[in-house]
K.L.:
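Below is the structure I would like to discuss, written out as structure tokens.
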2 protein chains.
Amino acid sequence: MHKALSDSTRFEIFRLVAAQSAPICACDIVDRFQVSQPTISHHMKVLRDAGLITVSRRGVWAYYAVDPRGLEVLRDTINALMPVQLAATR
Amino acid sequence: MHKALSDSTRFEIFRLVAAQSAPICACDIVDRFQVSQPTISHHMKVLRDAGLITVSRRGVWAYYAVDPRGLEVLRDTINALMPVQLAATR
DNA sequence: TCAGGATATAGATGGCTGTCAATATGTTGG
DNA sequence: CCAACATATTGACAGCCATCTATATCCTGA
């Protein structure tokens, strides 16, 4: 999961997806980055395999959204590493 | 920061350090992993450069501890990615 | 059914990095 | 001051991976 977020391009893609209030079209992601469409597709697969995003198809288009369960796992992992009194901090 | 935790050996080292109630000696870390001493030293440097751990010297020995500020940054980064109602979940 | 477009897959490649052996650096006890 | 030890640094190398081009797959409108 950390590995999925360790590449800067992929992290930025994830941030973009996470910033949306609705699923975002893959084509819109391709438009916003300098890398090629296959590279974006590859990154989406990595993020998907990590459980961080979900994909839904509408016709030809692919719509990506954050998988809340993945984020929860990530947060819980971090919290488990924190000393208790620090974990209580908000 | 995610990159620092993306390697499995390094993540396990960090988990070991985080699990201690007092700083842990580098020699004890070397003892618990299969990799060589220089490799451990390299990983400690990566974790240190990422702001995740701190080191203090006592004589010949190096003692490592989690840097709470790094963990806070990490947690805040994750929280910033979460939808508000999910971030409120405990 | 076909053309065109959106996305995914395959294969190749260059750069990054985790690892090791060898060595350097720094510290302490005698 | 020296020997022994703990840790860090260096240099080399193999495997991984982000990226590209080319191509395949899938869907839709006409």
Side-chain angles (χ1 to χ4, degrees), chain A residues 1-20 22-67 70 74 77 81, chain B residues 1-20 22-67 70 74 77 81:
Chain A
M1 205 162 229
H2 286 288
K3 188 175 280 184
L5 295 176
S6 67
D7 176 72
S8 61
T9 300
R10 205 152 53 218
F11 186 75
E12 287 308 312
I13 292 174
F14 185 68
R15 283 222 309 190
L16 177 62
V17 174
Q20 310 300 314
I24 183 176
C25 179
C27 57
D28 290 334
I29 301 174
V30 171
D31 286 345
R32 303 210 203 190
F33 290 87
Q34 308 286 5
V35 298
S36 68
Q37 176 266 324
T39 299
I40 296 287
S41 183
H42 163 70
H43 285 319
M44 303 319 281
K45 179 169 171 47
V46 173
L47 290 171
R48 200 146 37 85
D49 289 347
L52 287 168
I53 62 174
T54 59
V55 60
S56 59
R57 291 278 167 69
R58 263 181 272 172
V60 188
W61 293 277
Y63 287 86
Y64 289 97
V66 164
D67 188 335
L74 199 58
T77 303
L81 293 170
Chain B
M1 205 161 229
H2 286 289
K3 188 175 280 185
L5 295 176
S6 67
D7 176 71
S8 61
T9 299
R10 206 152 52 220
F11 186 75
E12 288 308 313
I13 292 174
F14 185 68
R15 284 222 308 190
L16 177 62
V17 174
Q20 309 300 313
I24 182 175
C25 178
C27 57
D28 291 334
I29 301 176
V30 171
D31 285 346
R32 302 208 204 191
F33 290 87
Q34 307 288 3
V35 298
S36 68
Q37 177 268 323
T39 299
I40 296 287
S41 182
H42 163 70
H43 286 319
M44 303 319 280
K45 179 169 171 47
V46 173
L47 289 171
R48 199 147 37 84
D49 289 346
L52 287 168
I53 62 174
T54 60
V55 61
S56 60
R57 289 279 167 69
R58 264 183 270 173
V60 189
W61 294 276
Y63 288 85
Y64 289 97
V66 164
D67 188 335
L74 200 57
T77 303
L81 293 170

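The sequence lines fix the lettering, A, B, ..., with proteins before strands; numbering per chain opens at 1.
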K.L.:
If you look at every strand shown and take non-hydrogen atoms under 4.0 Å, does A/Tyr63 touch a base, only sugar-phosphate, or nothing?
P.N.:
nothing
K.L.:
Is there a side-chain polar atom (N or O) of B/His43 under 4.0 Å from OP1 or OP2 of C/dT17?
P.N.:
no
K.L.:
Taking only the side-chain nitrogens and oxygens of A/Ser41, find out if one of them lies under 4.0 Å from OP1 or OP2 of C/dA8.
P.N.:
yes
K.L.:
Look at all strands and tell whether B/Phe33 reaches a base, only sugar-phosphate, or nothing, counting heavy atoms closer than 4.0 Å.
P.N.:
nothing
K.L.:
When you get a sec, tell me which of D/dA22, C/dA21, D/dA18 is the closest nucleotide to the side chain of A/Asp7?
P.N.:
D/dA18
K.L.:
With the sugar-phosphate defined as primed atoms, P, OP1 and OP2, and the base as all remaining atoms, what B/S/- string results for nucleotides 25-30 of chain D, 5' to 3', for protein heavy atoms under 4.0 Å?
P.N.:
--SS--
K.L.:
To the nearest angstrom, how far is A/Ile40 atom CD1 from C/dT7 atom P?
P.N.:
11 Å
K.L.:
Could you report the tightest heavy-atom contact between B/Leu16 and B/Phe33, atom names first, then the distance?
P.N.:
CD2-CE1, 3.9 Å
K.L.:
Only one of B/Val46, B/Leu5, B/Ile40, B/Thr39 forms a side-chain contact (heavy atoms from CB on, under 4.5 Å) with B/Arg10, so which one is it?
P.N.:
B/Val46
K.L.:
Ignoring backbone atoms, test whether B/Lys3 places a side-chain nitrogen or oxygen under 4.0 Å from the OP1 or OP2 oxygen of C/dT17.
P.N.:
yes
K.L.:
To the side chain of B/Lys45, which of D/dT7, D/dT9, C/dA10 is closest?
P.N.:
D/dT9
K.L.:
Distance check: side-chain N/O of A/Arg10 vs OP1/OP2 of D/dA18, anything under 4.0 Å?
P.N.:
yes
K.L.:
Regarding C/dA6, can its base be found pairing with the side chain of A/Gln37 as donor and acceptor, where the two atoms are less than 3.5 Å apart?
P.N.:
no
K.L.:
Go through D/dT9, D/dT19, C/dC20 for me and flag the one nearest to the B/Pro38 side chain.
P.N.:
D/dT9
K.L.:
Could you tell me the separation between the NE2 atom of B/His42 and the P atom of C/dC20, rounded to a whole number of Å?
P.N.:
11 Å
K.L.:
For D/dT21 and A/Ser36 - does any side-chain N or O of the residue sit under 4.0 Å from the phosphate oxygens OP1/OP2?
P.N.:
no
K.L.:
Just how far, in rounded Å, is P of C/dG18 from CZ of B/Phe11?
P.N.:
15 Å
K.L.:
Less than 4.0 Å between a side-chain N and a carboxylate O, is that true for A/Asp49 and A/Lys45?
P.N.:
yes
K.L.:
Would you indicate whether the side-chain heavy atoms of B/Met1 and B/Thr77 approach each other to under 4.5 Å?
P.N.:
no
K.L.:
Would you say the side chain of B/Leu74 lies within less than 4.5 Å of the side chain of B/His2, judging by non-hydrogen atoms?
P.N.:
yes
K.L.:
In whole angstrom, give the distance that lies between atom CG of A/Asp31 and atom P of C/dG5.
P.N.:
15 Å
K.L.:
Is the distance from OP1 or OP2 of D/dA8 to the nearest side-chain N or O of B/Arg57 less than 4.0 Å?
P.N.:
yes
K.L.:
Could you state the atom-to-atom distance from CD1 of B/Ile29 to P of D/dA8 in whole Å?
P.N.:
10 Å
K.L.:
Output the rounded distance in Å from CG (A/Leu47) to P (D/dA18).
P.N.:
10 Å
K.L.:
If you assign A/Met44 and B/Thr9 each to the DNA chain C nucleotide with the nearest heavy atom, which residue ends up on the more 5' nucleotide?
P.N.:
A/Met44
K.L.:
For the pair made of CD in B/Glu12 and P in C/dG18, what is the distance, rounded to whole Å?
P.N.:
15 Å
